[in-house]
Chemist: 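Just passing along the structure, written as structure tokens.
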Amino acid sequence: MQPNQYRDVRLEKLGKLKALGLDVWPRKAKRTHGLAELVATYGDAAAWPNEKLEGLGLTVSVMGRVLTIREMGKSVFAHLSENGEKLQAFFRKDDVAEPGWEVLNLLDMGDFVSVTGSLMRTRTGELSVRVKAVQFLSKALLPLPEKWHGLQDKEQRYRQRYLDLVSNPEVLKTFQARSRIVSAIRRFMEDEGYLEVETPMMQPIPGGATARPFITHHNALDMALYLRIAPELYLKRLIVGGFEKVFEINRNFRNEGLSVRHNPEFTMMEFYAAGQDLRDMMALTEGLISGLARDIMGAEIIPWGEQAISYAAPFRRLTLKDAIAEYGGIERRLLEDDAAIRTLAKAVHIEDADTKTAGVLLGDLFEHHAEKQLIQPTFITDYPIELSPLTKTLEGDDRFVDRFELFIGGMELANAYSELNDPVDQMGRFQAQMAEREAGNDEAMLLDLDFVNALEHGFPPTGGEGIGIDRLVMLLTNSASIRDVILFPLMRPMKPAESEEKEG
RNA sequence: GGGCCUAUAGCUCAGUCGGUAGAGCAGCGGCCUUUUAAGCCGUUGGUCGCAGGUUCGAGUCCUGCUGGGCCCA
């Protein structure tokens, strides 16, 4: 931390405060009311005109961070902020007892104070505290970003999120919304009879998804461990064990690139319900997401950049092939013919179109033609089996599986299956994945023998799903980047590690 | 991995054709007892991301590197 003129000046003020005999770092704030509570109760100017406020004879103590100071000779106005709410403090030399008035010269933006006084309304009608006494709670030694523009530099906003939160009120609102959303999801799931469980984040065999894992090492056991890419295989073991409905909201880790939609660690909710299938998962998903929009965000239609998304249930349903046909402008019957699929894939320069199976190419074609255009909530169904090693096949067509992915705002938001519960079939699918891996696909799934063993003890028909919480929050808060809904997104360290410099 | 953009005062940003580095906010010193991005007067503050190069002269042009943003694969 480089000393600068601001810090020096504020250290000097700190010294003066101490010289006045004040405790600048008290252990507790003097506080009778929350700042937001006062604004909520007395903020309505029509209901609480100045005479009525003054008539209350109420003395309040509120704490807050000083955001602005307007000095006017022998009176001073300051806005205090707490939890995103603001309240004005009004100091008059005649009202404030010594050493309070003297102390005002030592007050800076960013400081925490508690003010004690009566409620009033100024000439312009703003609710204010007419201050009789000031208590210092904390002296800020460094200045806050500019009061009008806030902190704009994205790098600094992500690296020093605390400054972003203090100086950009809408950022605090977004993260408060995130907390309310996650809390509402938990209530919803519990009301649906699901129990929240916790399964390993460090796994000896990373399973449940196709992705590259982070690897770490356990010293005492001298073994490799992987940060989980999904909790799926553990949650299913719990269904085998007799849980009827379980869910888990927690972090997954995938060792892949960063983008506006990807952070290496991200939050996922996965849930499983015995006796249910894909239709049940769809119904629950619609109820959950449309309910969040309506009840938590207070709107059925929420803006998404230049567009607007309607979260009213029911969501549209479309098969993968129909989506390719509709959004790619491709004749539907071509998608029933493997050779035609290959030709279509080559036409849009999909890699390895000669060697991939038709099912894999259908997945590629969907991604290329349709995914980004699925702005309104849409369930895509009937996925090729090659892309879905943990999913039951469709009745009457074992090339496709009973799976949906939910797309909103051009993003994959959820992924659900009628879970594969035939252990022999499951073993075969794992073997196919192992062959893929042998062929060089390092994202193919690893064989988890204990998981197959669990299925062999009996796994009921089960509906299962994962919902990307970060992306859901992005949508509901109209945030363009996943970094805007993750408090501390991964950033490269500012300077190369010294150890690297010294090596060689 | 490729392409484009970007880095100037604590913060937000200007900086033309290569010719002495600027404004607003913040800070500091004044005036002002109902202000609202308060106002008025004065004023401090710079490793122009880093390293090279071209040039009489580089914030500006060139090369490389680093951080960040966006797009593509």
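We name chains A, B, ... by the order of the sequence lines, and we start the count at 1 in each one. Hydrogens, waters and symmetry mates play no part in the numbers below; they use all other heavy atoms, side chains included.
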Chemist: Anything under 3.5 Å between a donor and an acceptor, one on a side chain of residues 13-30 of chain A, the other on a protein residue two or more places apart or in another chain? List them.
Modeler:
| from | atom 1 | to | atom 2 | distance (Å) |
| --- | --- | --- | --- | --- |
| A/Lys13 | NZ | A/Asp108 | OD1 | 2.6 |
| A/Lys13 | NZ | A/Asp108 | OD2 | 3.1 |
| A/Asp23 | OD1 | A/Trp25 | N | 3.1 |

Chemist: For each nucleotide in nucleotides 24-31 of chain B, reading 5' to 3', give B when a protein heavy atom comes within less than 4.0 Å of its base, S when such contact involves only the sugar-phosphate, and - otherwise.
Modeler: BBBSS---
Chemist: Does a side-chain N or O from A/Arg70 land closer than 4.0 Å to OP1 or OP2 of B/A38, or not?
Modeler: yes
Chemist: With a 4.0 Å cutoff (strictly under), does any side-chain N or O of A/Gln152 reach OP1 or OP2 of B/C11?
Modeler: no
Chemist: Give a yes/no verdict on a cation-pi contact between A/Arg403 and A/Tyr383, requiring under 6.0 Å between NZ or CZ and the six-membered ring centre and an angle within 45° of the axis.
Modeler: yes
Chemist: Compare the minimum distances between each of B/C70, B/U33, B/U12 and the side chain of A/Leu151, then state the nucleotide with the smallest one.
Modeler: B/U12
Chemist: From B/U35, B/C71, B/G68, pick the nucleotide closest to the side chain of A/Lys154?
Modeler: B/G68
Chemist: Closest to the A/Met491 side chain: B/C70, B/G68, B/U34?
Modeler: B/G68
Chemist: Any donor-acceptor pair, under 3.5 Å, between the side chain of A/Thr122 and the base of B/U35, if you only look at N and O atoms?
Modeler: yes
Chemist: Carefully, step by step, assess A/Phe366 and A/Phe407 under the rule ring-ring contact (aromatic ring centres under 6.0 Å, His included).
Modeler: CA-CA 12 Å; A/Phe366 169 77; A/Phe407 289 85; 5.2 Å; yes
Chemist: Hey, are A/Lys86 and A/Glu82 close enough for a salt bridge, meaning a charged N less than 4.0 Å from a carboxylate O?
Modeler: no
Chemist: Find which nucleotide of RNA chain B each of A/His349 and A/Ala480 is nearest to by heavy atoms, and output the residue with the more 5' nucleotide.
Modeler: A/Ala480
Chemist: Please list, by residue number, the residues of residues 158-173 of chain A whose heavy atoms come closer than 4.0 Å to an atom of RNA chain B; answer none if no residue qualifies.
Modeler: A/Tyr158, A/Arg159
Chemist: For A/Arg492 and B/G69, is the shortest distance between a side-chain N/O and OP1 or OP2 below 4.0 Å?
Modeler: no
